[in-house]
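Read the numbers this way: they start at 1 and go in the same order the structure lists the ligands and their atoms.
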Amino acid sequence: MQVQVQQIVVLATGGTIAGRADRAGDALGYRAGEIGVDELLAGLPAPEGVAITAEQVAQVDSKDMDFALWHKLAMRCRHWLDRPQVQAVVITHGTDTLEETAWFLQRVLAPDKPVVLASAMRPATALAPDGPQNLADAFAVARTPGVQGVLAVCAGTVHGAADVRKVHPHRLDAFGSGDAGPLAHVEEGTVRALRPWAASAGSAGLYERVVATKQWPWVEIVHSHAGANARAVEALQAAGVQGLVVATTGNGTVHAALEQALLRAQAAGVRVVRSSRCLEGPIVAQAHEALASTPLTPAKARVDLLLSLLA
Ligand code: SIN
């Protein structure tokens, strides 16, 4: 009997996980994304019974992530996920905008196989890089039966796309999932689930709309804070902004001066969505509110608004 070999595809985009230091062992003076995916994988033991296929999609510092790369990444994921022998896709990605890419891919692909984002806080040339272990953990997650959806694996913790956010600029365990908590831990190569794997139905036709899009909508994030005023919103509206996410105080509250400007912008056709700037906990919406709200973080709310404006 012929044994069907499963395949895991690694799509590399850059980040500190592929960072090369100017001087050996330097953890700060490095260039993200310099090391190619073949070199990254060379030092890792291949998971047993699985063929690894690697593809260099980009070599960027993820602070510079853009729509063209999201577009390409979504297409490469779909290409591989559609192949029956492909068990999972692992994406190497910088930590800085990983939560945005994770949510974008979850919304656009809603995959019923695992798409696992692996990252690192230390460059590959550091004295003790964290990337190889994070990649090995990503493979362990990718091979675990029943896992689905877009996930992020870092420092032995598995986060879902909806909840993951970068919470620390230096710590190796740089991500959190707010009060929802992580989905699982990876311990000695074994995945211990804490709650069910997130499943979500895709929005009909969204992938096709993303692929066909040449000009992305313009969506900005504005903050409500002490001393907020109308000027930034008025300037953005005059310049043609199509969507505004408001990072609000507390449970969706907005400074009165800013709120008036937002209501005027909304009346003029700008889409406005409120998202709490609190580190944990969603906005609990009240009935009859003039400005819509979302439980997502401001960065993810912006992704949602971009996608809904594509329609
Ligand atoms: C990046 O986001 O590409 C650089 C920072 C990191 O990966 O930690």
Considering only non-hydrogen protein atoms, determine which one is nearest to [atom] and report residue, atom name and distance to 0.1 Å.
atom	result
atom 8 (O) of ligand 1	Thr95 OG1, 2.5 Å
atom 5 (C) of ligand 1	Thr16 OG1, 3.1 Å
atom 2 (O) of ligand 1	Ser62 OG, 2.6 Å

Any side-chain donor-acceptor pair under 3.5 Å between [X] and [Y]?
X	Y	answer
Ser203	Arg107	yes
Thr125	Tyr30	no
Glu100	Trp70	no

Item to check | Asp61: numbered ligand 1 atoms lying under 4.0 Å from its heavy atoms | outcome: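 In order of number, 1 (C), 2 (O), 3 (O), 4 (C).
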Checklist entry - Using 30° and 60° as the class limits, which term best fits the ring planes of Phe67 and Trp216: parallel, tilted or perpendicular? => result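 The arrangement is parallel - the two ring planes meet at less than 30°.
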Item to check | Part of Ala120 with heavy atoms under 4.0 Å of ligand 1, whether side chain, backbone, both or neither | outcome: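 The answer is the backbone of Ala120.
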Checklist entry - Can you list every side chain to side chain donor-acceptor pair (under 3.5 Å) pair that touches residues 231-241, not counting sequence neighbours? => result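 Sorted pair list: Glu234-Arg264.
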Next on the checklist: Less than 4.5 Å apart, side chain to side chain, heavy atoms only: is that true for Thr53 and Trp80?
Outcome noted: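 Yes, their side chains come closer than 4.5 Å.
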Checklist entry - Could an N or O of ligand 1 be found under 3.5 Å from any N or O of Asp96, whether backbone or side chain? => result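 Between Asp96 and ligand 1 (N or O atoms, distance only) the closest approach is under 3.5 Å.
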Checklist entry - If you measure from each heavy atom of Ala174 to ligand 1, is any distance below 4.0 Å? => result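 Flag not set, Ala174 not near ligand 1.
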